[in-house]
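One structure below.
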Amino acid sequence: MTFDIQVIIDHLPEIASGFGLTILCTVVAALIAMVLGLFVALGLMSKAAVFRYPVRLYVEIIRGTPFLIQLFLLYYGGPSFGLYLEPIEAGIIGLAIYCSAYFAELFRSGFNSISLGQLEAAQIMGFSKISVLWRIQIPQMMVLITPGLVNICIILGKETTILSIVTVPELAFVLTGIGSETYAYAETLTVLAISYLILSELTARFGSWTEKRLSKYMERSI
Amino acid sequence: DVLSDVKSKGELIIGTELHFAPFDFLDNGKHAGLNKDFFTEVGKELGVKISYVDLPWPSVLPGLEASKFDMVGGPVTITKERMKRYNFSLPIADASVALLKRKGNSAVTKPEDIAGKPVGAGKGSSQAAQLEDFSTSLETPAEIKLYVDNNSAYSEIMTGRVVAVANSLPNIAYVASQHKNFEVVLPPFGKKTYYGYVTRKNTDSESLLKAINDIIVKMKADGRMEDIQVKWFGNPMDLPTDMIVPQI
Amino acid sequence: MLDFSTLPVALPLLWDGVQMTLFLSLMAVVLGLMVGVLMCLARLSSHYAVRFFAQLYISLFRGVPLLVQLMVTYYCLPLIGINIPALVAATACIGLCASAYMTEILRGGFLSLPTGQKESATMVGLNQFQVLLFIELPQVIRLTIPGIINEAILLVKASSLISAVGITELTRISQNLASSNFQPFEFYLTAAGIYFIINSMISAFGFWLEARINRRVIA
Amino acid sequence: MNKQTKESPIVDVQNMSKSFGSTQVLKSVNLSVQPSEVMCLIGPSGSGKSTLLRCIAFLEQYSGGNVFIEGEMLGYNDNTDVRKLTSTNELNHVRRNMGMVFQQFNLWPHMTALGNVTEALVRVKKFSRREANEKGHAILAKVGLAERAMHYPAQLSGGQQQRVAIARSLAMEPSVMLFDEPTSALDPELVGEVLQVMKDLASEGMTMIVVTHEMGFAAQVADTVVFLDQGEILVKGSPQEIFQGEKPPRLEQFLKNYMDRNAFWE
Amino acid sequence: MNKQTKESPIVDVQNMSKSFGSTQVLKSVNLSVQPSEVMCLIGPSGSGKSTLLRCIAFLEQYSGGNVFIEGEMLGYNDNTDVRKLTSTNELNHVRRNMGMVFQQFNLWPHMTALGNVTEALVRVKKFSRREANEKGHAILAKVGLAERAMHYPAQLSGGQQQRVAIARSLAMEPSVMLFDEPTSALDPELVGEVLQVMKDLASEGMTMIVVTHEMGFAAQVADTVVFLDQGEILVKGSPQEIFQGEKPPRLEQFLKNYMDRNAFWE
Ligand SMILES: Nc1ncnc2c1ncn2[C@@H]1O[C@H](COP(=O)(O)OP(=O)(O)OP(=O)(O)O)[C@@H](O)[C@H]1O
Ligand SMILES: Nc1ncnc2c1ncn2[C@@H]1O[C@H](COP(=O)(O)OP(=O)(O)OP(=O)(O)O)[C@@H](O)[C@H]1O
Ligand SMILES: [Mg+2]
Ligand SMILES: [Mg+2]
C-alpha cells in the first residue's frame, strides 16, 4: 500500500467542511452542555429530595449508557414520540445532554470545594442566593474545574465521530466515505488522527490559557 | 500460498459483517444465512474448519488487506473500481438495486416516483452510487441520505424521514419478507450487478480464489447451489457461470 | 409497541458480550493505571526530555480518537510488518488511551499532596522510590478515586469501539441482534440497560471504596 | 473605661440554648450588650464560644430562647405558638445591623481587596460602582491599607487579609461587630496590627463582641469579659474583676495555664 | 542548667548563607550545638528561622559556608575546588543523625500512629514488622500515646498528632532533633502536652534545636537562646542573658511586643 496524498488533496473541500461541522458541533454542544450541567448540578445539590433523586437518576443514566445508543434512541426513536429532529440538531442536543451529566458532577465538586466560611461571609452581609452563586461561587469554581472541563470537552470533541450514525456529515463520516470509495484507508485515517489531534490540542491550549488567566490571583506573591 | 496455508492449519478464516440478511445474520442467536451455508460446503470440499470474523463494514476491506483473515465472505458488489484492487469470485447473487418502502405507501409505486423525495442508501455501497445515477436521470433528482448502517436506514422509513431505501434486491426482499411493515418497490433499476466474494489481489491468493470458483461451479452442477438459493431467496437465481465484466 | 419476545434467546449472546466488555475494561483499567503512574512520574520529572516525552505521549493518546488508534494499530501496522492479535491490539489501545487520562488525573493528586509529607519522609531516611511507593501513591490513589472511577465508566463504554478489530462485545452483539431481527429499539434499550447496570455497580463500588478509606483518613 | 449606660441593649440574648444532635453545647445563656460596649468572650477550647457567636449571627439556628438585635427578634417569628423560621428577607433585614469577622478571614480570593469591600455595597446596598469604590477606598484607608486596594488576598499577608475582612464588614455600617478569634490564624508578629485596628474601632465607640485568646487585648480593651465553660457563663465582669478578683477554680486554672506558657521574665 | 562542655559539637554551622533568587535570607550564620544542648531560635516573622533549620536538615540547599553534623560535611563534597552535591545515599547517611518535627505535623494520613512511627524502621532500618511494632509501641508510650497506636491521624487531636510526629522522629534514634514551631498550629489548650514531651526529651539529654514563639518554653528549657533578625544572629546567650540582661533595641522591641499582648495581670 502506498501513501497517496493526492486522494486527500482531491477531497479537500469535503474534508474541510466535515472538519468545520465537527468543530461547530463540539463548540455549540459544549456551550449548551455547560449551562445545562450547571442547572443539573444545582438540582443535584438541592435540599429537596423530590428534586435531588430524579436529577441523580438522570445523571446516572446518562453517564452509565453509551452515547451511541442514546443518540440512536433520540434520533430514530424520537419520531415515535413526535420528536422530529434534523441530524445536526439531534447530534448537538444528544451531545449536550450526554456531556451535561459529566459537567454537572464536575460543577458539583467545584461547588463543594468552596469553603463554607466564604459563603457565610456573604450570607451575613445580606447577599441574595443568586449574587452568591454568580459572584462568589462560579468565578472561583472555574479555577478549580477548568482542567476537568477541558478533559470533558476533549472527550466531547471525539464523541462527534458517533454523529455519523445519524448521517451528520462530520469529519469521520466524510473520511470513512472517502476511504471506502478510494480504498485510501491509511491516508484517511492519518488525516482523521491529525485533525483530532489538532482539535484536542487547541482545546487543551485554550484550557491552559483560561486557567492561567483565571488563576492569576491564586498565585502567591508574598 | 494462502490455500496451502489454509489446508495446513486446517482452518479457513472468513471476514464478514453479520448485519446483512439473508447472507449473514443471527437467527435465534446463531449465525445463519446463505454465506454460512455456502462456506459450510466449502469447508467440506476443502476438508477444513470455517471460522468467521464479524466486523463493522468499514473495517472489512482494510482487514482483508492487512491479512487479518483469508478472504471476505460477505457479498461484495462486483465493480470495475473494486476489481482493480481486489479479486472477485464468480457471481454468487444478483445485486441489482431495488427500493424498500413502507407497506401501503401509495406515493411510491415505481422507482421513478422517488423524484424530489428523500431516499436512503448505505454509505459507500455501490447501490448508493447507482441510486445517485438513477436520481440524476430523473426530472427532479431525489434527495439522497446516506446511512452508515443499513438498519438505521430501514428505521428511517418508519420515522418517515425517507420514503424509501435503495439496496440490493435479495437483501430488501428478505427484509420485506421478515417485517410486515415493509414492501419492495419493483422493478429493480439501474445496471445489472452481481455479488461476489473477495480475495486479496496477489499471487498468493490465486490458488484460494480458484478453489472457491471450482466449488461454486461444482455446487451449481450438482444442485446444491440451487437448494441454498431456494432456501434463502425463495426461488432459484439465474447467475452467469463465467467471470463477468462489471457494468459499473 | 416494543416487542421483547426474542430477548430470552438473545440473553446468552449478550452475556458473552458482557463478559468481553468487562474483561477488556478491567484489563484497560489495570494497564491504564500502571502506565499512568509511570507517565505521571515522567510528567513531573525534573528532566526536560523526559517531561517532553510524557507530554507528547499524553497529547497523542488523549488527542487521537480511540477508533483511529485501533484502526492504525490493527490495520496499518501490518503493512509495515507488525502483526498484532486483535485482543492484544484492543487491550493495548484502550489501556494506553486510558493511561493518558489517568496520568492527568493522578498528576492532580500528586500536586495536591502537601510537600511537607515528602519532607518528613525524607527526614526519616526513606529514599525517593520508597516515598513514592509507600507515602505518596496510596494517598494519591485515595484522592483520585472519583476520577479513576469516572474513567473506568468511560472505558466500559469506550470498549464498544473494539468491534472495529473484530472483537464481539456488548454493543456489537446488540447491533447484530438488532439488525438480524429488525428490532433496533428493543436491543439498544436492552444494551443501554446492561451498560447502566455495569456502570452503576462500578460507581457504587467507588463510593463504597471511598467511604471505606475516608472513614479512617478523614475524621 | 466603663461606658455602660442603661440604654436598650443592641444585642440581647435570653436563655439561649443550642444542641448539636444529642450534645447540648449552649445551656441557657443570658447576655446583653449595650451600645458602644466591648465584650470579650474567653474560655477553654470547645466551651462553645464560637457557637454562641454564630447563633447570634444566626449562622447556626439556636434551639431555645430568644435573641434580639436592636429590639428585633432574630431568626424566628414568634407570633404563633409554633416557632417558625423567618423569611430570608426578614433575616437579612435584622442581620444588616451586624458585621462578622472570622478566624479564617474568609475573603473571596478572586476579588481584590477593594472588590471584597465593595461587593456587598453594590449587590446589597445597590450603590453604583463609582460610589462603592469611593467608599471602599475610604474604609481601606481607615484600616491602613490604602495602598493595597488592588491586591488580591493571596498577595496580602495574613494580618492585611484580616484587616480587609474587617473593612469588608465595616462597609455595611453595622451597629455591632462580631469577631471570632480574629488573630488566631495569624503569625505572632502580625497579630499586633489587627488588634490595633480593633482598638481603634473600640475607641470610636463601635459595639463589639470578641471571642479571643488574647488576654492582653481583653484586659486592655474590653468593658466586659465573659468566661464561658462547657456551654455556660461561669463568670462575667469587668477585666479587673475577672483577672484580679476572687476567681472560681476553673477560671483560676485557665488563667494559670495561660501564664505558665508565656512567662519568661520571672 | 548549663550542660555545655567543650566536646566536639553535634551541629556545626560555619558562615552559612542562603539566598532565594536575589534576596539573601541568611547572612553568614555561625552556630554550634554541643551534645545534650537545647538551643531555641527566636526572632520576628521572616527573620529566617525556618530557613536556617531547613538548611541544617538540607531540605534547602544552603548557598555558602559549611555545615557539619557529627563532624561529617552535609550536602556537599568539598574535595575539589568546585562544590558538588553529595549523592542521595551519602546525604541520607549524614541525615540519619537528625530528626525533624514540623509546624504542620506532616503525618501520613493513610497510616495509623503506629504505622507512621514504624514505617521508616521497616523500610530504612530493615527491622522486621514485629520488632518495629514493639519499638513503635514503646516510643508511643513514651510520648503518652500507648492507647492511640491504632488511630489514624485524622482521629487524633492536633496535640496528639504532633506527639506522634515526635515519636516518628525519635524512632530513628537521631542524635539531634530539629523543631520548627512545633506548637504554632495547635489550639492554645493543646500546646501544653507537646511542650511537656519536649521538656522530657530535653531532661533526658536529647540535643535539640527549637524554633519557637513560646517564650515560656525558651526561658525554662533552653541552654542557649539565639535571637535572629533579618538573617543574622543578633544575640546569643543563656535565657537569663537574653531575657533579663542588657538588650539591643531590636530584641527589646521584640520582647516588649510579646509582653504587651500577653499581659493582663498588672
Ligand atoms: N457543627 C457541629 N456539629 C456538631 N458539634 C459541633 C459543631 N460545631 C461545634 N460543635 C461542638 O460544640 C462544642 C463547642 O464548639 P465551639 O466551636 O463553639 O467551641 P469554641 O469555644 O469556639 O472552641 P475553640 O476555642 O476551639 O474555637 C464543641 O464540643 C464542638 O465539638
Ligand atoms: N521558598 C522560598 N522562596 C523565596 N523566598 C522564601 C522562601 N522561603 C522563605 N523565603 C523568604 O525568606 C525569608 C525568611 O523566611 P523564613 O520562613 O525562614 O522566616 P521565619 O523566621 O521562619 O518566619 P516565621 O516566624 O513566619 O516562620 C522570608 O522573607 C521569606 O519570604
Ligand atoms: Mg471557636
Ligand atoms: Mg518559620
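To find a chain, count down the sequence lines: A is the first, B the second, and so on, and within it residues start at 1.
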Is it the side chain or the backbone of [X] that comes within 4.5 Å of chain C heavy atoms, both, or neither?
| X | answer |
| --- | --- |
| Y102(A) | side chain |
| A204(A) | side chain |
| I62(A) | backbone |
| I69(A) | side chain |
| S200(A) | side chain |
| L199(A) | neither |

Can you tell me if S200(C) and E60(A) form a side-chain donor-acceptor pair at under 3.5 Å?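 No, no side-chain donor-acceptor contact under 3.5 Å.
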Other residues, nucleotides and ligands only: do more than 12 of their heavy atoms fall within 6.0 Å of [atom1] on [X]?
| X | atom1 | value |
| --- | --- | --- |
| F4(C) | CZ | yes |
| R51(C) | CZ | yes |
| M27(C) | CE | no |

Taking side chain as everything from C-beta outward and backbone as N, CA, C, O, which of these in [X] sits under 4.5 Å from a heavy atom of chain A? Side chain, backbone, both or neither.
| X | value |
| --- | --- |
| S174(C) | neither |
| Q69(C) | neither |
| Y101(C) | side chain |
| L67(C) | neither |

Find the one option among I162(A), I194(A), I61(A) whose heavy-atom pairs under 4.5 Å with chain C are most numerous.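 Going by pairs under 4.5 Å, I would pick I61(A).
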I'd like to know which of L192(A), I198(A), T190(A), T65(A) tops the heavy-atom pair count under 4.5 Å against chain C.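 Looking at each of L192(A), I198(A), T190(A), T65(A) in turn, T65(A) comes out on top.
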So which heavy atom on L189(A) is nearest to which on C76(C), and how close?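 For L189(A) and C76(C), the tightest heavy-atom pair comes out as CD1-SG, 4.0 Å.
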For residues A193(A) and V68(C), report the shortest heavy-atom separation together with the two atoms involved.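 Between these two residues, the closest heavy atoms are CB-CG1, 3.7 Å.
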Taking the side chain from K157(C) and the backbone from R63(A), do they hold a donor-acceptor pair closer than 3.5 Å?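 It does hold such a pair.
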Would you please test L68(A) and S160(C) for side chain to side chain contact (heavy atoms under 4.5 Å, CB included) and show each step? CA-CA 9 Å; L68(A) 175 86; S160(C) 67; 5.6 Å; no
Hey, which of [options] has the most heavy atom pairs under 4.5 Å with chain A?
| options | value |
| --- | --- |
| I194(C), L161(C), N199(C), I198(C) | N199(C) |
| L66(C), L154(C), L189(C) | L154(C) |
| I105(C), T171(C), I153(C), N150(C) | N150(C) |

At what distance, to the nearest 0.5 angstrom, does CG of N151(A) lie from CD of E151(C)?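 Rounded to the nearest 0.5 Å, the CG-CD separation comes to 8.0 Å.
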How many angstroms lie between NZ in K158(A) and SG in C97(C), if you round to the nearest 0.5 Å?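 If I round to the nearest 0.5 Å, the distance is 4.5 Å.
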Hey, can you tell me if Y188(C) and F72(A) have their rings parallel, tilted or perpendicular (30° and 60° cut-offs)?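 Aromatic pair Y188(C)/F72(A) classed perpendicular.
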